[in-house]
Amino acid sequence: MSRRIVPEAISREPWQVILPLFALNTFGSVVLYSAAGGNLKPWALLHTIHFLVFLVMAFVISRLPREFFKAITYPAYAVLVLMLVIVDLFGAVKGGSQRWIDVGFMQLQPSELMKPGIVLTLAYFFDTLPPSMTKSWRALLPAGALIAVPALLVILQPDLGTGLSIVAGAAVVVFLAGLPMRWFVGAGAAGAALAPIAFFTLLHDYQRNRVLVFLDPEKDMLGTGYHITQSKIAIGSGGLWGKGFGNGSQSHLDYLPEAHTDFAFATMAEEWGILGALFVIAVFLWTFRWGLNVARNAPDRFSSLLAAGMTFTVFFYMAINTLMVTGLAPVVGIPLPWISHGGSALMTNMACIGTIMAVERWSRWSGSLSGQ
Amino acid sequence: MLGENSHVSSGTLKNSFERRSFLVGGLQAAVGVLLAVRIGWIALVQNEKYATASESNRVNLTLIPPRRGAILDRRGAQLASNRVEFRIDIIPERLVDKDNTVTILTRLLGFDAVQAQDLQDKLEKARGYQPIEVVSGLEPKDFDKVLVRLPEMTGVVAHQGFTRWYPTGPSVAHLIGYVGPAAAKDYEKERNPLLVTPGFKIGKDGLEKYFENNLRGQPGAQRVEVTANGKFVRDLEYREDVPGKPMRLTIDGPLQDYASRRIGLESAAVTVIDCHTGELLALTSMPAFDPNQFAGGIGRLQWKMLNEDDHIPLLNKAVRGLYPPGSTMKPMATLALQQHGVDPDERVSCPGGYRLGNRYFRCDAVHGSVDMRGAIEHSCNTYFWSMAHRIGYDAIAPVAKLLGLGQEFDLPGVNQRYGTIPDAAWKMRRYKQEWSAADSLNASIGQGYVSVSPLQLAVMTARVASGKNLTPSLLFGHTKPPGPDLPFTPEQLQVTHDGMFRVVNGSGTGVGSKIDIGGIKMAGKTGTAQVRALVARGHYGDWKGRDHALFVCYAPTDAPRYAMSVVVEHGTFGARAAAPIAKDVMTFLFDPQTALDRLHELEKGWGGTPVERMKSRYSTFVSQYGTSAPKVGDDDAVKAAIIKADQAQAPIEAPTNVPATTRPEEPVEALPPVVAPAPAPAPTQAPQ
């Protein structure tokens, strides 16, 4: 019915996801408006503008042909690795941790771009890998190297959180590519065994401290534990209906740290209660479901792996952030896309969405072709 | 499974992708469910706990120190009140940039080096949330200056509040005590957040300390919304404080002040008792500290001043000072003699001394033939020695105790020392020695082991004057009923009264202090008590070696209304140093204007009122020592200094310290030097 009124080019877009995401982002703007004490500035307005700009970017990405994706995969990977090396070198020279390069008009965070980047790279790698080699060790080694290089470079920055999300995104692609299940079980077991050793040897003091505090927030009430405790107070005091728009004392009176970025979910839950939280969770789950459906209906291996990997990248953001603010994960500096303020992460996530949209287009194309 | 390995095709991979994508999807759904459950747990089940936590974050409860109950005199005039003031405090724990804040504050307030140092000392001693008074009683314009800069000085609290104010300052210092910020120890004991509220003061000494619970009141409260950084957002609720209960004393405020000021440069205690009721009208000890200056903590130089003063301003001499009463005991002794059958008209010949065995006790003068009245009038030792030898000292000691000497009185908040009325049993217990006849002679004229407090002397005088067994009281409306009747007949009392009348109005030792205000006359008895044995009385050498001067008196003589004791430490002769003070204080009771005129005249010569003199002395100290004075200790150190002051006060020094070579035989007024052997050293601390 609507097809007749709305032009085909527009009605074909996945509005069932774009509109909920827009609603989610607008909700984020409302939360940021309140967090700024009832002001569009400095966050709320920019948050919406960011979304619209990156939505355009997503549409552009969705129009890119599959061959273009494949063609830029390895060059893009190389450039990103190079940028990571540069960032690490800068960090070594300046001392302390360095995460971005100033490219004039904006600060580019290569580790952030590496999250979809590694997904793309591995999707292409497994696409080109002969199926018969999938379960051999020879396939695993180059894949492992492709993951290990950027992951180590990011962890060296040091940015363990982003490093782990690169590994997680990559691992899911590898998993979906069909490598033997027992390898993952084995790796999981090895990881569980090595984790305590890594905890005491590889982690920096502040990282170790964050984990310890996560296990017992009351131990460090004025330090890192303070963040978790205040976040739980914000969510817990919101109750079912929340304190109401503009009434969040935890965020307004500065008890909640990073109320507009990493802890924006808690800011939201304080004012909008469980209902607000359920809405946010629902939009995310809806988006993931769409992403995986696109992946399953994708025309080829590359597209499937790409769409699924991008979905998981978005999921990883959401999972880590929400588990952190509810006290189920250690404090890691990962924002909640569409809710937290911050252009860099939103750009990455919208790029993921754009890529999934592209895959959807490809499948429609091949679908209509086969239909004819 | 193993078989699959060899036949991997794109079809099997697609199937595997399909299966595994559902696994991933399942994981995502699981996280969603986990989150929903977790949030439900926190926000529904634990909602109350977190709502409370959020509320206690948001709301800051500020206690408003209660106004302290006033301390009033018998007519309702304020001896201790509260005054509105602007004050600045520092809460050390909240200081962010300590050095910078202190620099700004000292510049804004125009502190000199000494004041800045005192502030630094307080900061160093500070613990946690215990607030530190920077300054109180600020001018509004100075207060505004600080207020404007407050945002850049985290940890500094500026507010308007009430502070303790003692209108007559040092005059009531020993009686009432003083207040100050609660010590960390007080807080640990009481765990009351009020104690660490800026501006709150706790009673530190005297009545302020003893009646703390009555005087404190209930704090008010202010609920305000604050940010995490403690920044004020808005007022939520305000509750007025409940002021502490006022307390009325029997003290006559103007009299207390007059007596304190009349003491002048001496180190003395004046005690006045109402002969009808036993109420204490004045209980003074000078020099004293200024309790107004103690309230915010003691500065180094003030501390140095107090500690270095040989007049021991930290000692309440009226109740804690012990002195041999000397001849002031004689009226009491005449009652004891009469009680044991001595005829007042019996005459004793005084050849200028008394022989006991092979020792000769020298009297002041050759008094010739004296009866009982004359013995009081002329303070003839020979009479009392011979009589004491006859009836025994054991007959005198009980009367001394009966009249209040060596007794402790039930006066809440007044920490007394009760001295010694020695007897044979006491000496055996204390020194493991037999009581000797010489001891009796010494004790009968208020020397030797005898030591009493000025308060006891006043009670004794009031009992002798009124013939009633009066009990001293300090709380107005809580007059204590007199004890059992005294076992003296009016005739016996009249003899003693006659003697005391003649001391002042006849040809006695105190005629220089005679008063006659519209027919009102005073009766009394002088006393000069040895400080050092084997040194002539009236010794003019170093101040510490001089005799104590004492005077007890009452007026009017026909119907006694007021009884008084005056003890001037190292004042030389009773008639010279103590009686004139008594005369003026007594005059003040009947003719205040005349007495005040005399005081103003005297104060011109002394360099002003006690407060003025303290101030000029302080500025001398500032220019002399600047910031070089040693630090002030905490409350314990203050207490230790007071205890030290207590112990430094010794009625009689050990004979071994005495330069035995100087014994000029000058004509003396009241009391002879005791010829060998020297009295045993009297204890410096209250025995028993």
Side-chain angles (χ1 to χ4, degrees), chain A residues 126 130-136 172 175-182 229-230 232-240 242-243 249-250 252-257 269-270 273-274 277-278 280-282 284-285 288-289 292-293 295-296 300-301 304-305 308 311-312 315 318-319 322-323 326-328, chain B residues 1-2 4-60 224-234:
Chain A
F126 283 109
S132 56
M133 281 180 69
T134 309
K135 301 199 171 178
S136 80
V172 164
F175 176 70
L176 292 173
L179 269 68
M181 186 64 96
R182 56 186 193 300
T229 307
Q230 294 301 335
K232 279 158 75 180
I233 290 174
I235 297 169
S237 64
L240 182 61
K243 290 176 184 169
S249 60
Q250 284 288 102
H252 288 276
L253 301 177
D254 304 332
Y255 291 97
L256 192 60
E270 187 184 14
I274 294 174
L278 289 180
V280 172
I281 295 168
F284 273 106
L285 289 183
F288 303 150
R289 183 171 164 273
L292 287 181
N293 277 339
R296 282 183 211 111
D300 55 45
R301 190 165 159 75
S304 307
L305 291 177
T311 307
F312 195 82
F315 165 75
M318 177 266 189
T322 49
L323 291 176
T326 52
L328 294 175
Chain B
M1 281 281 276
L2 280 169
E4 272 180 9
N5 269 349
S6 42
H7 315 286
V8 182
S9 67
S10 51
T12 54
L13 283 180
K14 189 153 177 60
N15 284 339
S16 143
F17 176 87
E18 191 95 344
R19 286 195 309 274
R20 292 187 181 186
S21 77
F22 280 108
L23 211 62
V24 171
L27 171 71
Q28 292 170 347
V31 167
V33 171
L34 173 66
L35 266 178
V37 170
R38 171 69 173 171
I39 291 168
W41 173 256
I42 295 177
L44 284 183
V45 181
Q46 297 190 299
N47 174 255
E48 202 172 318
K49 168 184 160 189
Y50 287 116
T52 311
S54 158
E55 197 64 6
S56 78
N57 266 349
R58 181 175 78 97
V59 176
N60 194 343
V224 293
E225 196 172 274
V226 288
T227 68
N229 300 323
K231 219 177 89 195
F232 170 84
V233 179
R234 60 186 164 130

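Values reported hereafter were calculated over all heavy atoms of this structure, with side chains retained and with hydrogens, waters and symmetry mates removed. Convention: sequence-line order gives letters A, B, ...; per-chain numbering from 1.
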Between [X] and chain B, with a heavy-atom cut-off of 4.5 Å, which part of the residue counts as in contact: side chain, backbone, both or neither?
| X | value |
| --- | --- |
| A:Leu176 | both |
| A:Met133 | neither |
| A:Ile235 | both |
| A:Leu285 | side chain |
| A:Thr134 | side chain |
| A:Leu292 | side chain |
| A:Leu305 | both |
| A:Thr311 | both |

For this session: Please determine, among A:Phe288, A:Phe284, A:Phe126, the option with the most heavy-atom pairs under 4.5 Å with chain B.
Result: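 Ranked by contacts with chain B, first place is A:Phe288.
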Problem set entry | Option that, when pairs with chain A are counted at under 4.5 Å, heavy atom only, ranks first among B:Ser54, B:Ser16, B:Ala51 |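 Heavy-atom pair counts peak at B:Ser54.
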Problem set entry | A:Ser237 and A:Lys243: side chain donor to acceptor below 3.5 Å |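 A:Lys243 and A:Ser237 do have a side-chain donor-acceptor pair below 3.5 Å.
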For this session: Assess whether atom CD of B:Glu48 is packed by more than 12 heavy atoms of other residues, nucleotides or ligands within 6.0 Å.
Result: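 Open: at most 12 neighbouring heavy atoms sit under 6.0 Å from CD of B:Glu48.
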For this session: Using side chain to side chain donor-acceptor pair (under 3.5 Å) as the criterion, list what pairs up with B:Glu55, not counting sequence neighbours.
Result: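 Applying side chain to side chain donor-acceptor pair (under 3.5 Å) to B:Glu55 gives B:Arg58.
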For this session: Could you tell me which residues satisfy side chain to side chain donor-acceptor pair (under 3.5 Å) with B:Asn57, sequence neighbours excluded, listed by chain and number?
Result: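 Once residues adjacent in sequence are excluded, the partners of B:Asn57 under the side chain to side chain donor-acceptor pair (under 3.5 Å) criterion are A:Gln230, A:Gln250.
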For this session: Using the side-chain hydrogen bond (donor to acceptor under 3.5 Å, both in side chains) rule, take A:Arg296 and B:Ser21 through it: C-alpha gap first, then chi angles, then the decisive distance, then the call.
Result: CA-CA 8 Å; A:Arg296 282 183 211 111; B:Ser21 77; 2.6 Å; yes
